[in-house]
Undergrad: 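I have a structure I would like to understand better, so I am pasting it below and will then ask my questions one at a time.
Computed from a predicted structure; not experimentally measured.
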There are 2 protein chains.
Amino acid sequence: MSHDLTFDLHVLTARLDRAAEEILQPAFGLSYRRFLTLLLVGELGPVTQRALAEALGVSEPSVSRMTGALAGTGLLEAGPDPAGGNRRRLTLTPSGKQAVAQCRDLLERRFADVVERSGVSYGDYARDTRRLIAALDDREDER
Amino acid sequence: MSHDLTFDLHVLTARLDRAAEEILQPAFGLSYRRFLTLLLVGELGPVTQRALAEALGVSEPSVSRMTGALAGTGLLEAGPDPAGGNRRRLTLTPSGKQAVAQCRDLLERRFADVVERSGVSYGDYARDTRRLIAALDDREDER
DNA sequence: CCTCCTAACTTACCGTGCTAAGTTATAGGT
DNA sequence: ACCTATAACTTAGCACGGTAAGTTAGGAGG
């Protein structure tokens with residue numbers, strides 16, 4: 001049906017997003033991107049928006065908008081950095097931490113299921129994916 | 001750096017889009033999504049918007065907007081279907097055909113390069129990608 | 001002939017990505 | 001003490017995805 005690897009990769013990520021959305025939306029009212037943002041804030045600990053943007057691989061304006069929205073849900077705390085400077089300090093609220101932990105468990109279980117059924121080796125596929133990313137990054141650096 | 005396969009897949013598709021954009025934008029003024037749309041119209045021949053949406057894996061409103069924009073560039077011809085009904089018939093103009101052919105060649109060459117360098121087997125990776133999509137689709141069908 | 005169903009398309013609105021340009025807070029040189 | 005440079009964040013506006021609800025053309029039944 002579809003013939004091209006790059007096309008299939010887009011289809012795959014779209015399906016993954018959708019599957020994650022179906023799990024997260026009814027249970028927590030979170031989109032996949034919002035969950036990811038919270039997840040990284042949890043992993044990074046108190047973090048600036050700039051650092052979070054870097055970790056998420058998105059632009060600073062995207063993070064600015066996202067954190068604005070998430071702060072309104074009570075899952076994320078965003079205040080001025082006490083260390084000073086024009087920075088904001090992002091942390092999870094207790095309910096944010098709880099939501100992230102539950103979402104992660106749910107998603108990991110479901111995804112492990114899917115990989116299991118597909119017969120694909122998680123390790124091999126993950127390794128190849130990272131190699132492709134690295135090759136693309138190299139190509140970019142050349143200019 | 002990043003730990004999760006689904007995250008890396010998003011990174012990979014984002015990088016692919018960006019690389020494609022850098023090639024297509026200066027040379028043809030096309031985004032990757034627009035190129036893809038034109039490519040499928042070329043492959044499917046005269047086609048309705050509904051069928052194109054199905055082939056692209058996107059919604060009908062998306063195609064409606066996209067074809068509206070592309071029709072304004074002179075690459076795509078969109079008129080009422082002579083067979084009647086509330087349908088539109090999409091075809092490539094001669095310059096559309098030419099642009100698609102040139103873009104495809106360019107992108108395929110560049111992408112083959114990247115895969116080559118990464119050391120990843122195109123065939124294996126493509127097969128695994130399709131298997132994962134199939135596994136996700138199965139899961140969906142169960143409900 | 002008129003009504004109503006269905007399929008295809010459109011409109012309206014929103015989420016989330018981007019870039020470009022504007023703002024603000026600290027730091028450094030004179 | 002006052003510019004100015006820099007870093008972090010915000011605002012504005014576009015691209016392109018989605019859903020929900022509206023429109024329109026053709027066909028089927030009373």
Side-chain angles (χ1 to χ4, degrees), chain A residues 7 10-22 24-26 29-38 40 46-73 76 78-90, chain B residues 7 10-22 24-26 29-38 40 46-73 76 78-90:
Chain A
F7 184 86
H10 282 87
V11 171
L12 177 54
T13 52
R15 291 281 199 293
L16 283 169
D17 281 355
R18 196 173 146 194
E21 214 90 1
E22 277 170 19
L24 296 179
Q25 190 61 48
L30 283 176
S31 71
Y32 179 65
R33 296 313 292 196
R34 290 184 178 198
F35 159 68
L36 248 190
T37 302
L38 293 174
L40 285 219
V47 66
T48 63
Q49 291 184 179
R50 189 181 187 75
L52 179 57
E54 169 74 24
L56 281 169
V58 304
S59 67
E60 291 179 55
S62 289
V63 169
S64 182
R65 209 179 332 124
M66 187 68 96
T67 54
L70 283 172
T73 67
L76 184 77
D81 192 324
N86 187 20
R87 289 146 194 259
R88 301 181 82 200
R89 207 179 99 109
L90 307 175
Chain B
F7 185 87
H10 282 88
V11 171
L12 177 55
T13 52
R15 291 280 198 294
L16 283 169
D17 281 353
R18 196 175 147 189
E21 214 90 0
E22 277 169 19
L24 296 179
Q25 189 61 48
L30 283 176
S31 70
Y32 179 64
R33 296 311 294 198
R34 289 184 180 202
F35 158 70
L36 249 190
T37 303
L38 293 173
L40 285 219
V47 66
T48 63
Q49 292 183 179
R50 188 182 188 75
L52 179 57
E54 168 74 24
L56 281 168
V58 302
S59 65
E60 290 177 55
S62 287
V63 168
S64 180
R65 221 177 316 123
M66 186 67 97
T67 53
L70 283 171
T73 68
L76 183 77
D81 192 322
N86 187 20
R87 289 144 194 259
R88 300 181 81 198
R89 209 179 97 111
L90 307 174

Undergrad: Touch check for B:Arg89, heavy atoms < 4.0 angstrom, all strands: base, sugar-phosphate only, or nothing?
TA: nothing
Undergrad: Provide the closest heavy-atom pair for A:Val47 versus A:Leu52 in the form atom of the first, atom of the second, distance.
TA: CG2-N, 4.0 Å
Undergrad: Between the protein and nucleotides 23-27 of chain D, are there any N/O to N/O pairs under 3.5 Å, and if so, what are the atom names and distances?
TA:
residue, atom, partner, partner atom, Å
D:dT24, O2, B:Asn86, ND2, 3.1
D:dG26, OP1, B:Gly85, N, 3.1

Undergrad: For a 4.0 angstrom threshold against heavy atoms of chain A, report the outermost contacting nucleotides of DNA chain C in 5' to 3' order.
TA: C:dT16 to C:dT26
Undergrad: Could you give the side-chain donor-acceptor pairs of residues 31-38 of chain A under 3.5 Å, partners two or more places apart or in another chain?
TA:
residue, atom, partner, partner atom, Å
A:Ser31, OG, A:Arg34, N, 3.2
A:Tyr32, OH, B:Thr6, OG1, 3.2
A:Thr37, OG1, A:Arg33, O, 2.8

Undergrad: Would you please name every residue forming a salt bridge (Lys or Arg N to Asp or Glu O under 4.0 Å) with B:Arg15, sequence neighbours left out?
TA: A:Asp137
Undergrad: In chain order, what residues pass the salt bridge (Lys or Arg N to Asp or Glu O under 4.0 Å) check against A:Glu54, with sequence neighbours excluded?
TA: none
Undergrad: Does anything in residues 14-21 of chain B reach DNA chain D, meaning a heavy atom under 4.0 Å, and if so which residues?
TA: none
Undergrad: So, using salt bridge (Lys or Arg N to Asp or Glu O under 4.0 Å) as the criterion, who are the partners of B:Arg50 when residues are at least two apart?
TA: B:Glu60
Undergrad: If the condition is side-chain hydrogen bond (donor to acceptor under 3.5 Å, both in side chains), which residues does A:Ser62 pass it with, not counting sequence neighbours?
TA: A:Ser59
Undergrad: Using the test side chain to side chain contact (heavy atoms under 4.5 Å, CB included), find all partners of A:Asn86 that sit at least two apart in sequence or belong to another chain.
TA: none
Undergrad: Suppose we screen for side-chain hydrogen bond (donor to acceptor under 3.5 Å, both in side chains). Which residues come up paired with A:Thr13, at least two apart in sequence or across chains?
TA: none
Undergrad: Quick check on contacts: within residues 56-68 of chain B, what sits under 4.0 Å from DNA chain C by heavy-atom distance?
TA: B:Glu60, B:Pro61, B:Ser64
Undergrad: Identify, with sequence neighbours excluded, every residue that meets side-chain hydrogen bond (donor to acceptor under 3.5 Å, both in side chains) alongside B:Asp81.
TA: none
